[in-house]
S.K.: 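The structure that follows is given in the form of structure tokens.
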Amino acid sequence: MKTKSMIQQGLQSIKATALGTLIVSGGIVQAADKPEDADNFYRSDKVALQKVAFDNQYRMKVAGNLYLPKGGEKDARYPAIIVGHPMGAVKEQSANLYAVKMAEMGFVTLALDLPFWGESEGAPRNAVSPDMYAEAFSAAADFLGTRPFVDRNRMGVIGICGSGGFAISAAKIDPRLKAVATVSMYDMGEANRSGLGKSMPVEQRKKILVEAAEQRYVEFTGGAAKYTSGSVHELREDSNPIEREFYEFYRTPRGEFTPKGQSAELTTHPTLTSNVKFMNFYPFADMDVISPRAVLFIAGESAHSREFSEEAYRRASEPKELHVVPRAGHVDLYDRVNVIPFAKLQEFFTRYLK
């Protein structure tokens with residue numbers, strides 16, 4: 001996700017995606033029907049679901065959905081894949097879909113809620129902590145690597161959107177993650193520092209930092225939290241393509257999900273005072289340390305976020321691959337089952353989780 005200023009500053013570098021027809025009513029723009037192949041809440045009778053929770057290194061509970069292939073050999077040890085959701089989302093948005101599909105292919109999979117989001121612990125809710133997000137992937141490896149049905153020498157990770165950067169950050173210091181795939185990756189650090197296409201000037205960054213610092217006084221003295229970024233709650237005639245793209249996923253039945261105890265008004269929105277921590281987040285620094293473990297970057301040809309996958313690919317060491325999905329936008333790879341290259345993911349993990 002991204003701040004409003006990032007969206008406004010970055011529009012000149014955006015390639016518009018095919019979002020369908022938008023209906024104007026009373027100045028409000030309504031989203032069109034979802035694509036026919038969008039299936040965020042996909043279910044399968046070929047896999048078994050277990051809701052799980054486990055401690056991270058800081059004794060915080062991390063929640064997840066564990067998917068097991070049905071009909072496998074008794075006492076078999078399976079390769080496993082950890083799946084991280086988009087920034088500001090929860091496991092029920094995109095991550096579960098990927099986990100179910102990969103479990104159908106014979107992998108044990110675990111879709112996570114990152115700390116401070118969904119069913120995972122962490123206060124305040126919707127807080128940003130890149131280190132804690134990366135730690136969640138290592139905690140998932142702790143959990144999976146101690147299951148009798150998982151081969152701890154064959155564990156990989158899929159990071160979607162912001163989780164692509166968090167998964168890379170985790171893999172740099174956790175060699176148990178043998179193969180890393182990112183999908184529609186966002187470098188949340190660079191996106192918050194510089195905007196899309198490096199379009200946000202330093203002066204604007206400094207204004208955001210001042211606002212967040214002043215807000216800390218408000219919250220320290222008992223005032224209400226302030227939220228930023230995330231998906232807009234309505235579309236207007238002047239809404240830009242990125243706002244429309246995220247709205248059509250997060251604010252319609254296509255992908256809307258409000259966790260128990262949370263308000264729909266706060267979903268996708270991180271706290272302002274914590275969101276600035278992304279400005280100290282550099283997931284692509286020293287990325288060559290992941291080698292000789294393999295990295296796969298999947299990006300849509302028309303995705304506004306494509307620049308991040310291309311930059312990560314440039315900075316990674318072999319073995320690496322950049323897979324561009326023709327005519328796909330950023331959110332297309334969240335849930336469009338006929339667009340997401342699941343066969344490519346199967347090939348990648350089958351090869352590198354031997």
S.K.: Is there a donor in the side chain of Tyr186 and an acceptor in the side chain of His304, or the other way round, less than 3.5 Å apart?
M.R.: yes
S.K.: Run the side-chain contact (heavy atoms from CB on, under 4.5 Å) test on Asp332 and Val325 for me, step by step, so that the C-alpha distance in whole Å, both residues' side-chain angles and the decisive distance to 0.1 Å come before the verdict.
M.R.: CA-CA 10 Å; Asp332 287 330; Val325 181; over 6 Å; no
S.K.: Would you say that Tyr282 contacts Ser169 through its side chain, given a criterion of any heavy-atom pair below 4.5 Å between the two side chains?
M.R.: no
S.K.: Closest heavy-atom contact between Asn40 and Ser94?
M.R.: OD1-N, 2.7 Å
S.K.: Can a salt bridge be assigned to the pair Lys61 and Asp55 using a cut-off of 4.0 Å between side-chain N and carboxylate O?
M.R.: yes
S.K.: Using a strict threshold of under 4.0 Å (side-chain N to carboxylate O), is an ion pair present between Glu234 and Arg236?
M.R.: yes
S.K.: Are Pro270 and Trp117 packed together at the side-chain level, in the sense that at least one heavy-atom pair is separated by less than 4.5 angstrom?
M.R.: yes
S.K.: Answer yes when Glu190 and Lys198 have at least one side-chain N-carboxylate O distance shorter than 4.0 Å, and no when they do not.
M.R.: yes
S.K.: Linking I/L/V/M/F/W/Y whenever their side-chain heavy atoms sit closer than 4.5 Å, directly or via other members, would Ile173 and Leu177 fall into one cluster?
M.R.: no
S.K.: What I want to find out is whether Lys206 reaches Glu203 closely enough, with some N-O distance under 4.0 Å, to be called a salt bridge.
M.R.: no
S.K.: Salt bridge check: are Lys226 and Glu211 linked by an N-O gap of less than 4.0 Å?
M.R.: yes
S.K.: So which atom in Leu353 and which in Arg154 form the shortest heavy-atom distance, rounded to 0.1 Å?
M.R.: O-CD, 2.7 Å
S.K.: Say you draw a straight line from CG of Asn56 to CZ of Phe137; how long is it, rounded to the nearest 0.5 Å?
M.R.: 13.0 Å
S.K.: State whether Glu310 and Arg314 are salt-bridged, where the test is any N-O pair (Lys NZ or Arg NE/NH1/NH2 against Asp/Glu carboxylate O) under 4.0 Å.
M.R.: no
S.K.: Measure the acute angle between the ring planes of Phe349 and Phe107, then classify it against the limits of 30° and 60° as parallel, tilted or perpendicular.
M.R.: perpendicular
S.K.: Between Asn65 and Lys51, do the side chains contain an N or O donor and an N or O acceptor separated by less than 3.5 Å?
M.R.: yes
S.K.: Heavy-atom distance under 4.5 Å between the side chains of Tyr133 and Met188, does that happen here?
M.R.: no
S.K.: Does Glu243 reach the side chain of Val232, with side-chain heavy atoms less than 4.5 Å apart?
M.R.: yes
S.K.: Exactly one of Asp335, Leu333, Ile81 should register a side-chain contact (heavy atoms from CB on, under 4.5 Å) with Tyr98. Which one does?
M.R.: Leu333
S.K.: For the residue pair Leu49 and Val100, establish whether any side-chain heavy-atom pair is separated by less than 4.5 Å.
M.R.: no
S.K.: Does one hydrophobic cluster hold both Phe284 and Met87, with members joined at side-chain heavy-atom distances below 4.5 Å?
M.R.: yes
S.K.: Would you call Val339 and Asp37 a side-chain contact if the rule is heavy atoms closer than 4.5 Å?
M.R.: yes
S.K.: Any side-chain donor paired with an acceptor under 3.5 Å for Glu219 and Gln215?
M.R.: yes
S.K.: Contact between Val218 and Glu214 at the side-chain level, heavy atoms closer than 4.5 Å - yes or no?
M.R.: no
S.K.: How about Arg152: does its CZ atom have over 12 heavy atoms from other parts shown lying under 6.0 Å from it?
M.R.: no
S.K.: I need the minimum non-hydrogen distance between Lys172 and Pro283, along with the two atoms involved.
M.R.: NZ-O, 3.1 Å
S.K.: Assess, by modelled atom type and distance only, whether the side chains of Glu256 and Thr258 contain a donor and an acceptor separated by less than 3.5 Å.
M.R.: yes
S.K.: Ignoring hydrogens and angles, state whether a donor on the side chain of Asp174 or Ser138 is under 3.5 Å from an acceptor on the partner side chain.
M.R.: yes
S.K.: Using the rule given for side-chain contact (heavy atoms from CB on, under 4.5 Å), can you reason through Val52 versus Leu110, listing the C-alpha separation, both sets of side-chain angles and the distance that settles it, and then say yes or no?
M.R.: CA-CA 9 Å; Val52 300; Leu110 177 59; 3.7 Å; yes
S.K.: On the six-membered ring of Tyr352, is Lys178 placed so that its NZ or CZ lies under 6.0 angstrom from the centre and within 45° of the ring axis?
M.R.: no
S.K.: Relative to each other, are the rings of Phe41 and Phe257 parallel, tilted or perpendicular (30° and 60° limits)?
M.R.: tilted
S.K.: Kindly determine whether Phe166 and Phe281 satisfy ring-ring contact (aromatic ring centres under 6.0 Å, His included), including the steps that lead there.
M.R.: CA-CA 10 Å; Phe166 311 145; Phe281 181 48; 5.8 Å; yes
S.K.: Just how far is it from atom CZ of Arg176 to atom CG of Asp142, taken to the nearest 0.5 Å?
M.R.: 4.5 Å
S.K.: Given side chains that start at C-beta, do those of Glu301 and Arg327 come closer than 4.5 Å, heavy atoms only?
M.R.: yes
S.K.: Looking only at side-chain N and O atoms, does Arg251 offer a donor or acceptor that is under 3.5 Å from a partner on Thr268?
M.R.: yes
S.K.: For Glu265, which residues count as a side-chain contact (heavy atoms from CB on, under 4.5 Å) partner, sequence neighbours excluded?
M.R.: His233, Ser263
S.K.: Compute whether any side-chain donor of one residue and acceptor of the other, for His330 and Ser305, lie under 3.5 angstrom apart.
M.R.: yes
S.K.: Going by the rule side-chain contact (heavy atoms from CB on, under 4.5 Å), which residues pair with Tyr227 if we only count those two or more places apart in sequence or in a different chain?
M.R.: Asn126, Ala225, Leu266, His269, Thr271
S.K.: For the pair Tyr78 and Phe149, evaluate ring-ring contact (aromatic ring centres under 6.0 Å, His included) and give the outcome as yes or no after the intermediate values.
M.R.: CA-CA 6 Å; Tyr78 293 90; Phe149 47 82; 7.6 Å; no
S.K.: Which heavy atom of Val289 sits nearest to which heavy atom of Arg293, and what is that distance?
M.R.: O-NH2, 3.8 Å
S.K.: Linking I/L/V/M/F/W/Y whenever their side-chain heavy atoms sit closer than 4.5 Å, directly or via other members, would Met185 and Leu322 fall into one cluster?
M.R.: yes
S.K.: Under 6.0 Å from the CZ atom of Arg216, do we count more than 12 heavy atoms belonging to anything else shown?
M.R.: no
S.K.: Quick one: is the NZ or CZ of Arg147 closer than 6.0 Å to the six-membered ring centre of Phe143, and within 45° of its axis?
M.R.: yes
S.K.: Can the positive tip of Lys101 be found less than 6.0 Å from the middle of the six-membered ring of Tyr42, inside 45° of the ring normal?
M.R.: yes
S.K.: Among residues two or more places apart or on two chains, list those pairs meeting salt bridge (charged side-chain N to carboxylate O under 4.0 Å, His left out) that have a residue in residues 66-82.
M.R.: none
